[in-house]
A.B. asks: 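Below are the structure tokens for one structure; questions will follow.
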Amino acid sequence: MGNSPRPTVLPSMAALQLLCFFIFSLVPDFAGAITRQYTFNITHKNFTRLCHTRSLVTVNGKFPGPRLVAREGDQVLVKVVNHVAENITIHWHGVRQLTSGWADGPAYVTQCPIQTGQAYTYNFTITGQRGTLLWHAHISWLRSSLYGPIIILPKLNESYPFKKPYKEIPVLFGEWFNVDPEAVIAQALQTGAGPNVSDAYTINGLPGPLYNCSAKDTYKLKVKPGKTYLLRLINAALNDELFFSIANHTLTVVEADAVYVKPFEADTLLISPGQTTNVLLKTKPHLPNATFYMFAGPYFSGVGTFDNSTTAGVLVYKHPSSNNHLKKLPTLKPTLPPFNATGFVANFTKKFRSLANAKFPANVPQTVDRKFFFTVGLGTNPCPKNTTCQGPSNTTKFAASVNNVSFVLPSVALLQSYFFGQSNGVFTSDFPQNPTTPFNYTGTPPNNTMVSNGTKAVVLTFNTSVELVMQGTSILGAESHPLHLHGFNFFVVGQGFGNYDPNKDPSNFNLVDPMERNTAGVPAGGWIAIRFLADNPGVWFMHCHLDVHTSWGLRMAWVVLDGPQPNQKIPPPPSDLPKC
């Protein structure tokens with residue numbers, strides 16, 4: 001990580017800060033805010049794991065990619081230069097992107113991809129956020145190797161709402177494939193089958209000693225006794241929610257998705273793809289006579305195959321005197337929940353509460369302008385004529401949908417077509433507010449599981465307060481779906497198992513201190529209720545963060561119209577916006 005691009009202060013800004021410091025003291029919002037510039041060169045580089053060497057698509061030759069560090073209030077400029085054959089986009093997952101939708105990154109939603117030999121500068125300001133997020137590719141399955149941490153420090157002279165840690169360490173979970181994941185998803189989409197699963201999970205790019213030919217590729221976290229470490233945990237895996245635990249150590253959760261939470265202790269965490277969790281690790285007061293495994297393994301609630309393996313790193317206490325004592329020490333193992341521990345997951349997610357205090361309020365919409373009810377789950381598409389498929393039957397392919405609409409990505413970007421008033425033939429604004437054909441969502445599935453296919457969006461006027469209930473279905477198996485909304489944080493006001501009851505369930509909604517996040521799991525065989533304020537004009541993607549389900553069509557878009565004020569409108573696109 002030492003060679004990651006260094007943030008640079010623009011000379012003019014530095015001079016301004018020196019000469020006009022007294023002016024900055026008059027506008028505290030911008031005090032100390034700087035512009036940070038990064039260059040992300042997209043290149044191929046060989047990496048070997050599990051005795052398999054692959055040419056990975058990387059940023060600056062690093063896997064995982066370099067960390068992007070900024071302070072709350074900073075402007076960030078990232079020039080992405082594409083030196084590979086694949087089309088590229090980068091998404092700054094969880095960054096609010098207030099009126100900077102052109103920098104959001106999902107391919108064919110806010111931009112066309114950056115083609116070979118082309119460059120694009122993502123330009124955004126980090127407003128009202130501090131904590132851990134992640135950046136990753138947002139086209140096909142390229143994020144399997146194109147990902148890295150976003151670390152947003154508090155403003156200068158601001159402190160954490162917990163004791164300052166001795167050290168801060170990013171811990172990224174990922175997935176390793178012995179073959180090219182692009183070939184895996186291409187084959188699956190062609191045959192209609194479920195894609196081949198990954199060969200290993202990784203901690204900071206390393207699978208660890210529980211896999212064959214992998215002992216040397218083990219992440220070691222070296223600590224001193226009697227200290228508090230902040231671990232910035234990030235799940236960048238493609239298709240798997242993960243449990244995480246460190247043997248004989250309790251973790252204190254203090255933040256999730258760059259939002260502070262009421263601190264709570266946990267021996268085991270669940271983190272879904274796209275989610276981040278900051279935890280405090282208090283080390284033992286004295287040197288223990290052991291080292292400690294940290295394990296990450298899958299939570300899987302659906303039917304079909306999944307990568308049922310465990311990645312392991314080692315927590316090593318630094319011994320001041322000798323280096324070779326490690327050989328003699330036993331290594332203790334944590335116990336992860338069973339892979340299908342849906343009850344554990346429900347209890348764990350209920351522990352997250354916003355701080356909801358004067359300094360960090362929870363601005364939950366107390367009244368709602370528009371209510372939506374979306375089913376999310378799997379389904380089928382017919383096999384092309386005169387071919388045999390490998391889906392749920394030999395005449396069908398696997399698909400996924402929201403309100404039975406399997407979203408088809410257009411060939412031009414939605415935001416561009418909307419901004420220039422050329423959306424005709426690109427998308428329609430008739431996405432259903434409720435299921436067109438209601439059924440017993442978590443009961444016996446209907447005989448007809450076919451989805452409709454289309455490019456449909458919901459249009460919201462500026463500052464609409466939205467309540468959205470997302471209901472999981474049992475079609476082709478009830479499964480947990482981590483849903484990610486671009487451009488906004490939302491409040492998780494309720495969740496439950498079975499079918500949502502609009503007459504009874506709202507009375508139990510938490511409108512006081514619900515968790516605020518950008519990615520939240522729709523429980524397997526259950527529902528989740530969220531609220532958000534549509535205060536960010538643009539076109540915003542919402543999708544399952546299990547990439548296999550996204551590829552199958554579990555995705556849709558919200559169009560938020562401009563507001564009346566100049567700072568509530570989308571500016572024209574930057575001149576280097578990639579062409580289609």
A.B. asks: Start with the C-alpha gap between R96 and D535, add the side-chain angles, then the distance that decides, and say whether salt bridge (charged side-chain N to carboxylate O under 4.0 Å, His left out) holds.
C.D. replies: CA-CA 11 Å; R96 281 280 270 118; D535 60 353; 3.1 Å; yes
A.B. asks: Check the orientation of F372 and W558. Use parallel for under 30°, tilted for 30 to 60°, and perpendicular for over 60°.
C.D. replies: perpendicular
A.B. asks: Parallel, tilted or perpendicular, judged at 30° and 60°: which one describes the rings of F264 and F352?
C.D. replies: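 Answer is perpendicular, since the angle exceeds 60°.
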A.B. asks: How are the rings of F40 and Y38 set relative to one another: parallel (under 30°), tilted (30 to 60°) or perpendicular (over 60°)?
C.D. replies: perpendicular
A.B. asks: May I have the list of side-chain donor-acceptor pairs in residues 265-273 shorter than 3.5 Å, sequence neighbours left out?
C.D. replies:
from, atom 1, to, atom 2, distance (Å)
D267, OD1, T250, OG1, 2.9
S272, OG, E241, OE1, 2.6

A.B. asks: Which label fits H545 and H484: parallel for a plane angle under 30°, tilted from 30 to 60°, or perpendicular past 60°?
C.D. replies: perpendicular
A.B. asks: Kindly assign one of parallel, tilted or perpendicular to the pair H138 and H486, based on the angle between their ring planes and the thresholds 30° and 60°.
C.D. replies: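 Ring orientation of H138 relative to H486: perpendicular.
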A.B. asks: One pair to check against ring-ring contact (aromatic ring centres under 6.0 Å, His included): Y229 and Y166. What are the steps and the verdict?
C.D. replies: CA-CA 6 Å; Y229 292 80; Y166 171 69; 5.6 Å; yes
A.B. asks: Do E467 and R370 sit within salt-bridge range, that is, some charged N less than 4.0 Å from a carboxylate O?
C.D. replies: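 Salt bridge between E467 and R370, a charged N being under 4.0 Å from a carboxylate O: no.
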A.B. asks: Would you say Q97 and N536 are linked by a side-chain donor-acceptor pair, where the criterion is simply a distance under 3.5 Å?
C.D. replies: no
A.B. asks: Measure the acute angle between the ring planes of W92 and F124, then classify it against the limits of 30° and 60° as parallel, tilted or perpendicular.
C.D. replies: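 If you compare the ring of W92 with that of F124, the planes turn out tilted.
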A.B. asks: Is there a side-chain contact between F360 and R130 in this structure, where contact means two heavy atoms from C-beta onward sitting under 4.5 Å apart?
C.D. replies: yes
A.B. asks: Going through the checks in order, is the side-chain hydrogen bond (donor to acceptor under 3.5 Å, both in side chains) test met by T276 and H93?
C.D. replies: CA-CA 10 Å; T276 63; H93 182 116; over 6 Å; no
A.B. asks: Knowing that exactly one of W527, F373, Y500 qualifies, which makes a ring pair (Phe, Tyr, Trp, His ring centres under 6.0 Å) with Y441?
C.D. replies: F373
